Amino acid sequence: MSYGPVVSREADVETGEAYEARLKVYEGQRAAVARPGKDPVNTPMIRHWCEAMGDTNPAYSGPDAIAPPTMLQAWTMSGLSGQTRGTHAYDELLGLLDEAGYTSVVATDCEQEYLRPLRPGDEIIYDSVIESVSEKKTTKLGTGYFVTTRMDIRVGPDLAGTHRFRILKYAPLRPTDRPGGSPTRRDRAQKPSRPRPVVNRDNAGFWEGVQRRRLLIQRCTTCGTLRHPWLPGCHACGGLDWDTVEASGEGTVYSYVVMHHPPFPAFDPPYAVGLVELAEGVRMIGNVLGVPYDKVRIGLPVRLEFREYDEELVLPVWCAQEVPEMQETREVGT
C-alpha cells in the first residue's frame with residue numbers, strides 16, 4: 001500500500017538527523033531468536049484453512065499432503081496467549097517512535113518467499129530481524145517511518161521460507177495540518193482520502209479493469225477454474241496460464257461484518273462490509289450500500305457499481321437490490 005505525498009505542517013514530534021540515527025541503530029537487530037512454532041504443521045489447520053479459502057487443490061489433502069505455501073505465517077502465530085519474546089529490540093524501537101509522537105500504526109504490505117514445502121509433522125523454528133527503518137516519510141495519513149521486519153522460517157537446518165512485514169508508524173494529521181492555518185467549515189466536512197489498494201504484479205490487471213469499470217475474474221486456461229483474488233497460478237490444477245472473463249455484476253451476500261471500531265478518518269462507522277458471492281461462483285469483499293447497515297442480511301441480492309472516491313481512486317461496491325425483511329439471522333462479527 002502506498003500513499004501519495006501531501007503538503008502538511010509537521011506534527012509536534014522529535015525530528016532531525018540525530019533522532020533518525022537512533023532509529024537506524026535497530027537495523028539488523030533481532031526481534032526473535034530460534035523461537036519454536038506453538039504447533040507442528042498439522043492436518044486440521046490445513047483443512048480449516050482450505051475450507052475458509054475455498055481451496056480444493058488435491059496437493060493439500062491425502063497421505064502425501066503439503067501445507068498451502070501461503071499458510072507460512074500461520075505456523076508462527078502465537079495466538080491469544082501470546083509468547084515470550086526472544087529479544088526486546090522491536091518493542092524498544094516501537095517505544096522510541098511512540099515517545100516521539102508517532103503513535104499510530106498501519107500495516108502496509110507483506111512479501112513471502114517459499115523455498116521448501118511444509119508437511120504435517122514438521123516443527124518450525126523461526127528467527128526475526130528488524131531489516132530496515134526508512135527515512136521520515138510524509139503520507140496522506142501523516143508523517144512517520146516505515147519499519148520492515150524479516151522472518152526466516154526453518155525446519156531443522158532447512159530454510160522453508162521468508163516473510164517480510166512492513167508497517168507505518170506515524171503521527172496522524174490534525175485538521176490544522178494544512179496550508180492556511182485553522183480549518184474552515186468546509187475543511188471539517190471533508191473526509192481524508194481513502195487508503196489506496198495494494199497493487200502488485202499479480203493483481204495489476206484486476207485494478208486496471210476496475211479503472212475501466214470492468215470487474216475481471218481470472219480463468220485458468222488449463223482447467224477453466226475461475227479464481228478471485230488474482231493469483232499467479234491455479235489453485236485447482238496448478239496451471240500457470242490464464243485469461244479473464246468479465247463478471248455480470250450480480251451477486252448475493254455470502255457473509256458480512258458491521259464495522260463499529262476502530263474508527264478511521266476516511267470512513268463513517270458503523271458500515272457493512274460483505275463477502276459477496278458472484279453469479280460466476282467466486283467471492284470478493286466490498287462495501288454493501290443501498291440499505292442501512294443493520295438491514296444487511298446473508299442472501300441479500302446485490303449488484304455491482306463502481307464509485308469514484310477522488311480523482312484517482314475508483315472502487316467496486318455492492319448495492320442492495322431489495323430491502324430485506326427483518327429475520328432472525330446471526331451477524332458475523334463486529
Side-chain angles (χ1 to χ4, degrees), residues 1-35 73 76 83-113 126-152 162-183 187-188 190-201 262-266 310-313:
M1 184 181 297
S2 62
Y3 303 95
V6 294
V7 177
S8 66
R9 190 170 57 134
E10 289 286 333
D12 296 329
V13 297
E14 186 177 352
T15 59
E17 293 182 1
Y19 177 69
E20 294 194 357
R22 293 175 65 194
L23 298 178
K24 287 291 185 179
V25 167
Y26 288 90
E27 290 187 342
Q29 292 197 33
R30 297 288 182 178
V33 178
R35 183 179 297 170
Q73 188 189 17
T76 71
Q83 195 160 17
T84 303
R85 291 188 176 274
T87 73
H88 298 285
Y90 192 66
D91 287 339
E92 290 175 3
L93 172 60
L94 298 188
L96 183 61
L97 289 163
D98 285 338
E99 291 171 4
Y102 304 103
T103 55
S104 295
V105 62
V106 62
T108 60
D109 61 279
C110 69
E111 302 171 5
Q112 292 184 337
E113 182 179 4
Y126 62 94
D127 301 302
S128 182
V129 64
I130 301 167
E131 193 168 65
S132 66
V133 182
S134 75
E135 298 176 349
K136 186 169 62 177
K137 303 291 185 179
T138 301
T139 76
K140 289 187 177 180
L141 292 177
T143 299
Y145 295 85
F146 289 94
V147 178
T148 304
T149 54
R150 188 193 75 247
M151 184 182 295
D152 295 328
T162 63
H163 175 84
R164 283 183 174 83
F165 190 67
R166 187 172 295 110
I167 64 171
L168 171 66
K169 282 283 287 179
Y170 65 99
L173 289 175
R174 300 171 298 186
T176 53
D177 290 340
R178 66 187 76 237
S182 299
D187 290 331
R188 288 192 295 268
Q190 289 179 336
K191 290 185 185 143
S193 297
R194 289 203 176 202
R196 268 43 190 166
V198 177
V199 180
N200 55 40
R201 62 184 179 181
F264 192 79
D310 54 45
E311 295 82 359
E312 300 175 350
L313 184 63

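Quick note: numbers below take in every heavy atom, side chains included, and nothing from hydrogens, waters or symmetry partners. Source: prediction; values computed, not measured. For the single chain, residues carry numbers from 1 onward in sequence order.
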To the nearest 0.5 Å, atom OH of Y102 lies from atom NZ of K136 at 5.0 Å
Practice task
For the pair S134 (side chain) and F146 (backbone), establish whether a donor and an acceptor sit closer than 3.5 Å, ignoring hydrogens and angles.
Solution key: yes
Looking only at heavy atoms, the pair that brings Y26 and I130 closest together is O-CB, 3.5 Å
Heavy-atom nearest pair, L168 first then G144, reads CD1-C, 4.0 Å
Q. Can you tell if the side chain of L94 reaches within under 4.5 Å of the side chain of I167, non-hydrogen atoms only?
A. yes
Exercise for review: Look only at the side chain of T108 and the backbone of R166, and say whether a donor-acceptor pair between them is shorter than 3.5 Å.
Suggested key: yes
- Where do D109 and R164 land on the salt bridge (Lys or Arg N to Asp or Glu O under 4.0 Å) test, with the steps shown first? CA-CA 8 Å; D109 61 279; R164 283 183 174 83; over 6 Å; no
Value for CE (M151) from CD (Q112), rounded to nearest 0.5 Å, stands at 10.0 Å
Distance col, row Q29:CD vs T149:OG1, nearest 0.5 angstrom, shows 13.5 Å
- Under 3.5 Å: donor-acceptor pair, side chain of K24, backbone of V133: yes
For E131 and R150, the nearest pair of non-hydrogen atoms, with its separation, is OE2-NH1, 3.1 Å
Correct closest heavy-atom pair for Y145 and E20 would be OH-OE2, 3.1 Å
Query - G28 backbone acceptor or donor facing R30 side chain under 3.5 Å - result: no
**OP:** Please test V105 against L97 for side chain to side chain contact (heavy atoms under 4.5 Å, CB included), starting from the C-alpha separation and ending with a verdict.
**Re:** CA-CA 10 Å; V105 62; L97 289 163; over 6 Å; no
Distance col, row K169:NZ vs L96:CG, nearest 0.5 angstrom, shows 10.5 Å
Heavy atoms of T76 and Y126 approach each other most closely as O-OH, 3.3 Å
Salt bridge (charged side-chain N to carboxylate O under 4.0 Å, His left out) filter on K137, not counting sequence neighbours, yields none
query = Has the side chain of D127 got a donor or acceptor atom that lies under 3.5 Å from a matching backbone atom of A34?
reply = yes
OG1 of T143 to OH of Y170, rounded to nearest 0.5 Å, is 11.5 Å
Rounding to 0.5 Å, atoms CD (E113) and CG (D152) come to a distance of 9.5 Å
Heavy-atom nearest pair, A266 first then P195, reads CB-CD, 4.5 Å
